Amino acid sequence: MRAAATMGQLRTATQTLASLDLDPAELLYRLDRVAEQLHLEQIATCLCARYDRAAGTVQIACAGHLPPMLVHPHGTVETLPVVPGPPLGISSERYELCEFALPAGGLLVLYTDGLVEGREWDIDEGLAKLRGLLTGPPLGIERICDVVIRAQATQTERDDIALLLVKAL
């Protein structure tokens with residue numbers, strides 16, 4: 001219940017801050033200040049990204065979250081080297097803004113730790129498994145989601161899972 005309440009408060013604050021059109025690093029810094037004022041009893045991670053279609057780039061800032069992956073149009077996968085900052089509410093540090101080219105037809109893959117770690121495998125194994133599932137001939141977004149989530153079905157104890165795919169046009 002506390003986790004759901006925390007996420008609800010942070011989600012509302014994020015929506016408000018997003019309306020200010022801040023870059024992702026500044027948004028996370030301000031969200032961190034909100035989290036600190038809320039005196040959260042647990043930590044929260046966050047990854048904030050802003051896609052610029054005209055420039056073909058994505059700006060990303062990270063508060064303790066796993067880095068996104070980029071599936072190139074030809075089927076190779078890379079983990080984007082975002083600079084991880086501390087989780088929300090535990091530090092007053094600024095977050096670093098990272099910018100990456102997003103090729104037309106490329107797929108930005110955002111996910112939670114519940115997708116890549118569990119009782120049956122550690123996070124490194126889970127990340128390698130996800131990379132393997134994403135590598136290869138391009139599939140449609142719905143098909144990729146089906147493949148990735150179905151592969152997760154073997155895990156007996158589950159954490160919350162979120163998977164977000166963004167295709168660059």
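Predicted model only: the values in this text are computed from it and were never measured. The analysis underlying the following values was restricted to heavy atoms, covering all of them including side chains, and did not include hydrogens, waters or symmetry mates.
Across Ala101 and Leu70, no two heavy atoms sit closer than the pair O-CD2, 4.0 Å. Considering all non-hydrogen atoms of both residues, Ala168 and Pro103 come closest at CB-O, 3.4 Å. Scanning all heavy atoms of the two residues, the minimum distance from Pro87 to Ile90 falls at O-CG1, 3.4 Å. Nearest heavy atoms, Leu31 versus Leu17: N-CD1, 3.6 Å. Residue Pro73 comes nearest to Gly105 through the heavy atom pair CG-C, 3.9 Å, listed as atom of the first residue, atom of the second, then distance. When all heavy atoms of Pro24 and Ile60 are compared, the pair lying nearest together is CB-C, 4.3 Å.
For Arg53, there are no side chain to side chain donor-acceptor pair (under 3.5 Å) partners two or more places apart in sequence or in a different chain. In this view, Thr76 and His74 satisfy the side chain to side chain donor-acceptor pair (under 3.5 Å) rule, not counting sequence neighbours. With sequence neighbours left out, Glu125 forms a salt bridge (charged side-chain N to carboxylate O under 4.0 Å, His left out) with no residue at all.
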Inset, instruction - Would you please test Val34 and Leu38 for side-chain contact (heavy atoms from CB on, under 4.5 Å) and show each step? - result: CA-CA 6 Å; Val34 169; Leu38 290 172; 4.0 Å; yes
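No continuous path of hydrophobic side-chain contacts links Val109 to Leu164 [ILVMFWY only; heavy atoms under 4.5 Å]. In the hydrophobic clustering of this structure, Val148 groups with Met69; members are Ile, Leu, Val, Met, Phe, Trp, Tyr whose side-chain heavy atoms approach within less than 4.5 Å, directly or through other members. Under the 4.5 Å side-chain heavy-atom criterion for ILVMFWY residues, no single connected hydrophobic cluster contains both Leu80 and Leu165. Taking hydrophobic clusters as Ile, Leu, Val, Met, Phe, Trp and Tyr residues chained together by side-chain heavy-atom distances below 4.5 Å, Leu10 shares a cluster with Leu20. Tyr29 and Val83 fall into different hydrophobic clusters, where Ile, Leu, Val, Met, Phe, Trp and Tyr residues are linked whenever their side-chain heavy atoms come under 4.5 Å apart, directly or through other members.
Checking side-chain atoms of Asp52 against main-chain N and O of Thr57 turns up no donor-acceptor pair under 3.5 Å. With Lys129 contributing its side chain and Ala151 its backbone, the two residues share a donor-acceptor pair below 3.5 Å. Panel note: side chain Tyr111, backbone Pro67; a donor-acceptor pair is recorded below 3.5 Å.
Side-chain contact check for Thr112 versus Leu163: every heavy-atom pair is 4.5 Å or farther apart. Between His65 and Pro84 there is no side-chain heavy-atom pair separated by less than 4.5 Å. Proximity of Leu88 to Thr45: side-chain heavy atoms (C-beta onward) are nowhere separated by under 4.5 Å.
The line from CD1 of Ile123 to CG of Leu130 is 11.0 Å long, rounded to the nearest 0.5 Å. Atom CG in Leu27 sits 7.5 Å away from atom SG in Cys46 (nearest 0.5 Å). In this structure, the separation between CZ on Arg33 and CG on Leu28 is 11.0 Å, given to the nearest 0.5 Å. Note that CD of Glu96 is 11.0 Å distant from SG of Cys62, once rounded to the nearest 0.5 Å.
Judged as a salt bridge (charged side-chain N to carboxylate O under 4.0 Å, His left out), the pairs with a partner in residues 10-26 (not counting sequence neighbours) are, in order, Asp21-Arg50, Glu26-Arg30, Glu26-Arg94. Here ring pair (Phe, Tyr, Trp, His ring centres under 6.0 Å) pairs that include residues 81-109, with residues two or more places apart or in two chains, number zero. Among residues at least two apart or in separate chains, side-chain hydrogen bond (donor to acceptor under 3.5 Å, both in side chains) pairs with a member in residues 77-89 are His72-Glu78, Thr79-Arg131.
Test Leu115, Leu47, Leu66 against Leu110 for side-chain contact (heavy atoms from CB on, under 4.5 Å) and you get one pass: Leu47.
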